[in-house]
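Note sheet for the following structure.
Here is how names work: the chains are called A, B, and so on, in the same order as the sequence lines, proteins then strands, and each is numbered from 1. Values reported hereafter were calculated over all heavy atoms of this structure, with side chains retained and with hydrogens, waters and symmetry mates removed. Because the structure is a prediction, the values reported are computed rather than measured.
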Amino acid sequence: MISHYNKERIKRFYNYDPSKENSIFSKAKELLNKNISEAISASPYRSRCLNPRSKGDIGNIIQECCFGLPANSSELPDFPEAKIELKIIPLERTSQGLTVKERTKICSINYHKLIKEIWPSSHAKRKLNKILFIYYEYNALSKLDSKIKFCDMWALNKIKEQPIIRSDWEVVKKKVEQGLAHELSETLSRILAATRSGSGGVDQNGIARDLTTQPNSRIPALRRAFSIKQSYTNQRWLELFKKDIFESIIDTLPGASASNFEDKVLKKLWSFKGQKLGDFANKLKISIPSGKNAAAAIIKKAIGFKNVNSRIKEFDQIGTEVRVLPIRTKDHKPWEAVSFSQFKFKEVIKEAWEDSELLQFVDSILFIPIYRKAAKTPLSQRVIGKAFLWKPTKNELETIQEEWSMYLDEIKSGKAKPRKIKSGSKTKEVTSLSKESNTKIIHIRPHAKNRKDRDEDQFGNRPVKHSFWLNKAFVHELLRKNV
DNA sequence: GAGTGATCATGG
DNA sequence: CCATGATCACTC
């Protein structure tokens with residue numbers, strides 16, 4: 001008998017039937033708009049205290065106090081009879097509004113067992129069968145005031161992305177079969193990824209602490225777990241909660257399916273190669289915006305979207321960014337480096353690589369090269385090039401991580417401190433951070449509104465705001481490979 | 001024209 | 001108003 005799960009006890013004390021999906025979902029709905037302390041006070045478990053140091057404790061508290069399911073490490077779903085898994089998802093407020101804070105761990109991977117599994121009966125698929133997602137707004141200052149916002153009953157066999165999830169799983173399994181578990185990386189996957197799990201870090205000899213054995217190779221591999229990527233959960237949350245902000249490629253582009261939409265989009269875009277933006281826009285009866293929407297507008301109209309302001313559902317799910325790449329016609333060189341999202345010096349130094357903003361951004365980028373003869377060539381005269389999708393290779397990713405770590409070290413040692421230097425007739429401000437010419441793929445560089453738009457490091461130095469950028473030479477190389 | 005600090009311009 | 005995509009612009 002299952003020791004932690006007592007249906008009669010749950011029915012009596014928690015007033016719902018844990019064997020019935022409808023009953024579970026209504027119970028979840030009762031929690032909406034409550035904060036954690038209110039949710040607990042309605043429970044027979046109300047004397048339960050929140051452990052402020054435990055990362056997942058809000059999840060545990062909801063599971064225990066609201067559903068009567070004590071934490072356990074059983075391989076069975078949280079609601080075993082209804083075959084439903086419970087996942088509590090933290091949201092955080094960013095410049096984009098409320099967004100999903102982190103990836104969702106599904107189950108740990110045992111490399112030896114994985115290679116003996118097939119997808120239909122796999123451990124991962126059983127866990128993914130049906131999931132009750134409960135979203136709450138994380139309040140870092142006062143965890144008990146974190147507020148429950150939304151619940152969603154998600155079923156694997158009801159979503160279009162099932163083929164993607166399956167192929168993600170197959171890719172991981174294949175790597176392990178080949179004895180390459182040590183080469184696994186999140187970037188191999190689009191929705192279901194093999195993420196690192198365990199304590200992380202390295203021991204005093206510089207050896208990773210989370211190593212385990214793998215079949216078909218004697219090389220130790222990092223311990224990993226299957227997780228649903230943040231971008232996917234975030235897209236799902238935004239779509240359900242905000243409504244009408246997405247259009248789907250699969251629904252719009254003829255012949256596109258969950259497993260081929262990236263190819264279909266690229267092929268469609270290639271069919272516009274060589275056209276002038278002006279002619280293209282005329283044909284589609286649109287005006288191309290001059291601002292940062294240009295790339296998105298082109299791609300959306302090319303695909304057949306009705307509304308240029310919609311977000312692209314599938315790209316949001318797999319975390320693909322769409323960027324215009326201005327190119328000089330003469331020598332096919334990019335006009336500029338490509339900027340990433342801004343960071344705060346005090347925050348970036350606390351990041352772990354696996355969870356870093358930068359890693360998220362470089363997950364996958366769809367570049368649309370736009371050729372122009374001169375800086376001032378009017379938009380309508382610029383020519384659409386051959387779009388390409390960049391996902392960093394393992395080597396590229398290693399370089400990016402090295403360079404990222406180097407910058408973190410520099411910031412920690414105070415190299416972000418600005419000083420004024422004379423430059424001809426003017427003064428300018430420089431930091432001691434490494435320059436673009438010292439790195440291969442990424443660099444740090446000012447990205448502020450003006451000189452007054454400043455950030456602050458942990459020493460109280462106040463440099464202007466900075467961002468990570470993709471090096472111009474590197475982007476040029478990508479372009480050359482994709483002609 | 002490479003290199004890099006400084007900013008413009010747009011839209012949410 | 002501010003983050004963000006995209007560029008400008010100055011010096012060597």
Problem set entry | Any donor-acceptor N or O pair under 3.5 Å, side chains A:R445, A:S339 | no

Exercise. Is there a donor-acceptor contact under 3.5 Å linking the side chains of A:T393 and A:N395?
Worked result: no

For this session: Consider the side chain of A:K344, meaning its heavy atoms from C-beta on, and name the nucleotide among C:dA3, C:dT7, C:dA6 that approaches it most closely.
Result: C:dA3

Problem set entry | Between B:dG3 (P) and A:N438 (CG): distance, integer Å | 11 Å

Exercise. Do A:S434 and A:E410 get their side chains close enough for a donor-acceptor pair, meaning under 3.5 Å?
Worked result: yes

Which pairs of donor and acceptor atoms, one on a side chain in residues 476-483 of chain A, lie under 3.5 Å apart (sequence neighbours left out)?
residue : atom : partner : partner atom : Å
A:H476  : NE2  : A:H332  : O            : 3.4
A:E477  : OE1  : A:R480  : NH2          : 3.4
A:E477  : OE2  : A:R480  : NH2          : 3.0
A:N482  : ND2  : A:L478  : O            : 2.8

Problem set entry | 5' precedence on DNA chain C between A:R372 and A:D453 (nearest-nucleotide basis) | A:D453

Problem set entry | Length of the CG-P vector between A:D331 and B:dA2, whole Å | 7 Å

Exercise. If you look at every strand shown and take non-hydrogen atoms under 4.0 Å, does A:V324 touch a base, only sugar-phosphate, or nothing?
Worked result: sugar-phosphate

Problem set entry | Side-chain heavy atoms of A:P446 within contact of A:R451, under 4.5 Å | no

For this session: Taking atom types as modelled, find out whether A:N139 and A:S142 have a side-chain donor-acceptor pair closer than 3.5 angstrom.
Result: no

Exercise. When you match A:I444 and A:K333 each to their closest nucleotide on DNA chain B, which lands nearer the 5' end?
Worked result: A:K333

Seminar exercise, completed: Its contact letters, B for base, S for sugar-phosphate only and - for none at protein heavy atoms under 4.0 Å, make nucleotides 6-12 of chain B read BBB-BSS

Seminar exercise, completed: In whole angstroms, the gap separating P of B:dT4 from CG of A:L470 amounts to 16 Å

